[in-house]
There are 2 protein chains.
Amino acid sequence: METVEEAAADPGDPPGAPGPVARGTGAARPPAPRRARATASMADVARLAGVSAQTVSRVSNGYPGVTEETRRQVRAAMRELGYRPNSAARALKRGEFRTIGVITFTLATTGNVRTLEAIATSAAREGYAVTLLPLAVPTQDEVRGAFSRLEELAVDAVIVIMEVHLLDAATVHLPPHVQVVVVDSDAGDRYTVVDTDQHGGTREAVRHLLDLGHRTVWHLAGPEDSFAAMRRADAWRAALTEAGRELPPIVRGDWSAESGYRAGRELAVREECTAVFAANDQMALGLLRVLHEHGRRVPEDVSVIGFDDIPEASSFLPPLTTLHQDFAEVGRLCVQAVLRKMRQEGPERGTTLVPTRLVLRSSTAPPPGPR
Amino acid sequence: METVEEAAADPGDPPGAPGPVARGTGAARPPAPRRARATASMADVARLAGVSAQTVSRVSNGYPGVTEETRRQVRAAMRELGYRPNSAARALKRGEFRTIGVITFTLATTGNVRTLEAIATSAAREGYAVTLLPLAVPTQDEVRGAFSRLEELAVDAVIVIMEVHLLDAATVHLPPHVQVVVVDSDAGDRYTVVDTDQHGGTREAVRHLLDLGHRTVWHLAGPEDSFAAMRRADAWRAALTEAGRELPPIVRGDWSAESGYRAGRELAVREECTAVFAANDQMALGLLRVLHEHGRRVPEDVSVIGFDDIPEASSFLPPLTTLHQDFAEVGRLCVQAVLRKMRQEGPERGTTLVPTRLVLRSSTAPPPGPR
DNA sequence: ACCAGCGATGTTTGCGTAAACATCAGGTGG
DNA sequence: CCACCTGATGTTTACGCAAACATCGCTGGT
């Protein structure tokens, strides 16, 4: 937006508008891409089929009240002309776009991507398209901007894949008629939320390690501003407390493998650390590397468990025991929830949890015997 | 589509149409999600500002011929009413949607995702939205289906991230007015193609290993039906031949780390294999694991080089030397190309290559001395 | 035999926008 | 002083579709 020299980019100045560029007396107007008028309209089909446009519309929408015979003729005419309903006109008339907007901060994490993919697939099955709105930087301003773009961008609903603290209701202008569903959030009281059962999964991870005989479990946590990271850390704490084990100091990364490597140094040098629960698989990968570099064998000396079950996890050294997240299910439920909300069938808010599954591989084992 | 009992899903039967469900005499009509008529229209703004709708339109589009004074008033009215241009009406009137469709087979590979992200970001900057069309299975039928959905799905252009052999021009119905740009393809003679410089990158990889003193370089290739894999294999062959080295038998995976592990067994048992060029980082990861399991140290006994430079590559054991692909640039160029085509400014076809960059880490070294 | 009733089809209308054209006021040159 | 131009603004119209309403012809009950 740095090139705009005039007033501000106001409501009326859509991001894509020609804007105040290429102006001046007699200036050629901006070379707006122009589609050739090449498609047949309903009227054309109607003419060819010898019926009214309304009948074509009925056939097009599968409405009743048309003879099988007429229907056939109209279909033939459609085929002949290569007719495709004009979605703009349809949207204008119906007041809905059959499109769901997805706002996501980054596509760098497996979870977001897999969820997005599932959303797109489920949406397609329901006859909805998905419009993607990636955010450059996760600031409230960006989020707000994305929402306003979305609004004029022809969507009926929005799914937000994002830490919700960015979604401060006070500042984000949520268009009243656009339904919102949030992934990965604790705001079940304010929004409809679909999320993985972070708590249950973590609990299972901790229990698994404890059951193997470890005295306690260390935690390589995700970034502090992440809700998912927070939940996993909380659940880890709760599980240990409940089992009456001591609570080791928390170690933090930023989800990346690199950060797991850096943060893991601290764990690698501690003899008493025999079991680590990493908040995601990537950080576990980095951890595996530091441990290796410090000569600590996994799982003989140290057990490591991850979270996510990314495809590569089975190829780590050693193959990683981790908690499988069902992102496909999360995406599916998001779409269902948002459609239900649009139809005003569902509850206004509340959280839906998708369970995880413990995948046992080779990175966990009983602790080394007392030496 | 299994619930449709009537004829086939014809052109006139959009995937999302209410269809022949919920019918019958006097049956309540399907509970179509309905948006409340809540937004202000141009007419409302015009009334409040005391001008004509046309003037509002001019302001909204930043067109000239409006006094600064009037413009201010209109802007004020827009703000007061929370006016947002109705994109459906706008699209109907203008005949363009300002939306780019992206067809992609899978979001499971880093490359596709990163490219998609870059496309979405670049498109947003140009005032275009991105509609995502994932394919369940990569068959011609699916591709064809995706295209026809896309067409009625309100897009002005399409970017295809896919092996092009699925895009057989004979069967895919490409709407004449929709421009197409393809990523990862050799069809520069038929489409506009943007791709990473597979050849140059591979060449650099092979040269790097040869320069280190290896007698030859083995290749862990991608699946046969992948164009990128084919190109990399070809370039590997060419580079070796050119250097007058012997050509070891090719070993093949399917891009996944797991497949790299399986295929890598063959390499791990060959004493004479001291350098391997893996067609992507994931397979390199699997390869690292088999090598480790067979007691062959990397890089002391065997050098491994990957392709892609995924974020995790720096955390592999050892950190992976690889070829960095600039997916962001690929995405950006795709958008530029497709916009240029829409404006009929660019060439109809041809290939644009994005160079790679060799990232030196710890998985390559001179071969072990003769024993 | 007549008409109510119903299913099939046609006609009218308006969704919100923007291009094309119309109007109008004020200024300029002859 | 008027014909003419110019720039600001208003009016008309059409984009393609589908809801609402209108019409038409046939069937069946009395």
Side-chain angles (χ1 to χ4, degrees), chain A residues 12 14 17-18 23-26 29-30 32 34-35 37-47 49-74 78 81 83-98 152 154, chain B residues 12 14 17-18 23-26 29-30 32 34-35 37-47 49-74 78 81 83-98 152 154:
Chain A
R23 195 69 44 63
T25 330
R29 70 161 176 289
R34 42 183 58 230
R35 300 165 78 206
R37 174 77 194 74
T39 54
S41 77
M42 262 177 45
D44 300 323
V45 175
R47 206 170 307 122
V51 299
S52 73
Q54 185 53 41
T55 297
V56 176
S57 170
R58 282 191 267 255
V59 172
S60 176
N61 291 289
Y63 285 162
V66 182
T67 324
E68 206 38 61
E69 173 56 20
T70 310
R71 202 178 285 270
R72 235 192 316 277
Q73 282 177 14
V74 171
M78 282 174 167
L81 296 176
Y83 169 77
R84 294 271 149 190
N86 176 315
S87 57
R90 191 171 264 189
L92 175 59
K93 185 72 182 125
R94 299 214 264 225
E96 53 145 12
F97 301 99
R98 291 206 158 260
E152 82 186 23
Chain B
R23 195 69 43 63
T25 330
R29 70 161 175 291
R34 42 183 57 232
R35 300 164 81 207
R37 174 76 193 74
T39 56
S41 77
M42 262 177 44
D44 301 322
V45 175
R47 205 169 309 121
V51 299
S52 74
Q54 185 55 40
T55 297
V56 176
S57 170
R58 283 191 268 253
V59 172
S60 175
N61 291 290
Y63 285 160
V66 181
T67 323
E68 206 39 58
E69 175 54 23
T70 310
R71 202 178 286 270
R72 235 191 316 276
Q73 283 176 15
V74 172
M78 283 174 167
L81 295 177
Y83 168 76
R84 294 272 150 191
N86 176 315
S87 57
R90 192 169 262 189
L92 173 59
K93 185 66 185 146
R94 301 215 263 226
E96 53 145 12
F97 301 98
R98 291 204 159 261
E152 82 185 24

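In what follows, chains are A, B, ... by sequence order, proteins preceding strands, each numbered from 1. In this text, all values refer to a predicted model and were calculated from it rather than measured experimentally.
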Practice prompt. May I have the distance from A:R47 (atom CZ) to C:dT9 (atom C1'), rounded to whole angstrom?
Written response: 18 Å

Practice prompt. For C:dT17, take OP1 and OP2 only and decide whether either is under 4.0 Å from a side-chain N or O of B:Y83.
Written response: yes

Fill in: Whole-Å distance separating the CD atom of B:E96 from the P atom of C:dA19
11 Å

Fill in: Bending between helix ends of the helix from C:dA1-D:dT30 to C:dG30-D:dC1 [5 pairs per end, 10° resolution]
50°

Worksheet item: Do you know the tightest heavy-atom contact between A:T70 and A:V51?
Response: CG2-CG1, 3.9 Å

Discussion item. What's the separation between atom OG in B:S60 and atom CE in B:M78, rounded to the nearest 0.5 Å?
Written reply: 4.5 Å

Worksheet entry | Distance below 4.0 Å between B:N86 side-chain N/O and C:dC15 OP1 or OP2 | no

Worksheet entry | Nucleotide C:dT13, atom C1' - distance to CZ of A:R94 in whole Å | 18 Å

Fill in: Any A:S41 side-chain N or O less than 4.0 Å from OP1/OP2 of D:dG16
no

Discussion item. So which atom in B:P64 and which in B:R58 form the shortest heavy-atom distance, rounded to 0.1 Å?
Written reply: O-CD, 3.9 Å

Worksheet, complete the sentence: Rounded to whole Å, the OH-C1' distance (A:Y63 to D:dA19) equals 9 Å

Discussion item. Tell me the interatomic distance from A:M78, atom CE, to D:dC17, atom P, rounded to whole angstroms.
Written reply: 9 Å

Response to the item:
Whole-Å distance, B:E69 CD to D:dG7 C1', equals 17 Å

Fill in: Atom-pair distance (CD on A:Q73; C1' on C:dT9), nearest Å
13 Å

Discussion item. B:A88: which residues meet the side chain to side chain contact (heavy atoms under 4.5 Å, CB included) condition with it, sequence neighbours left out?
Written reply: A:A91, A:L92, A:F97, B:N86

With the criterion being N/O to N/O and under 3.5 Å, what pairs connect the protein with nucleotides 9-13 of chain D, and how long is each?
unit_1	atom_1	unit_2	atom_2	d
D:dT9	OP1	B:T67	OG1	3.0
D:dT9	OP1	B:T70	OG1	2.6
D:dT9	OP2	B:T67	N	2.8
D:dT9	OP2	B:T67	OG1	2.9
D:dT9	OP2	B:T70	OG1	3.4
D:dG10	OP2	B:S52	N	2.8
D:dG10	OP2	B:S52	OG	3.0
D:dG10	OP2	B:T55	OG1	2.8
D:dG10	N7	B:R58	NH2	3.1

Item to complete: Please report the shortest heavy-atom distance between B:T55 and B:V74, naming the atom on each side.
Response: CG2-CG2, 4.4 Å

Worksheet entry | Set of side chain to side chain contact (heavy atoms under 4.5 Å, CB included) partners for B:S57, sequence neighbours left out | B:M42, B:Q54, B:N61

Item to complete: Would you name the heavy atoms of A:Q73 and A:A49 that are closest together and state the gap between them?
Response: OE1-O, 3.8 Å

Practice prompt. Give the rounded distance in Å between these two atoms: CG of A:L92 and P of C:dG14.
Written response: 14 Å

Fill in: Which residues share a side chain to side chain donor-acceptor pair (under 3.5 Å) with B:T67, sequence neighbours left out
none

Worksheet item: Counting only side-chain N and O atoms of B:R90, is one of them less than 4.0 Å from OP1 or OP2 of C:dT17?
Response: no

Discussion item. Looking at every non-hydrogen atom in both residues, tell me the closest pair between A:S52 and A:A46 and how far apart they are.
Written reply: C-CB, 3.6 Å

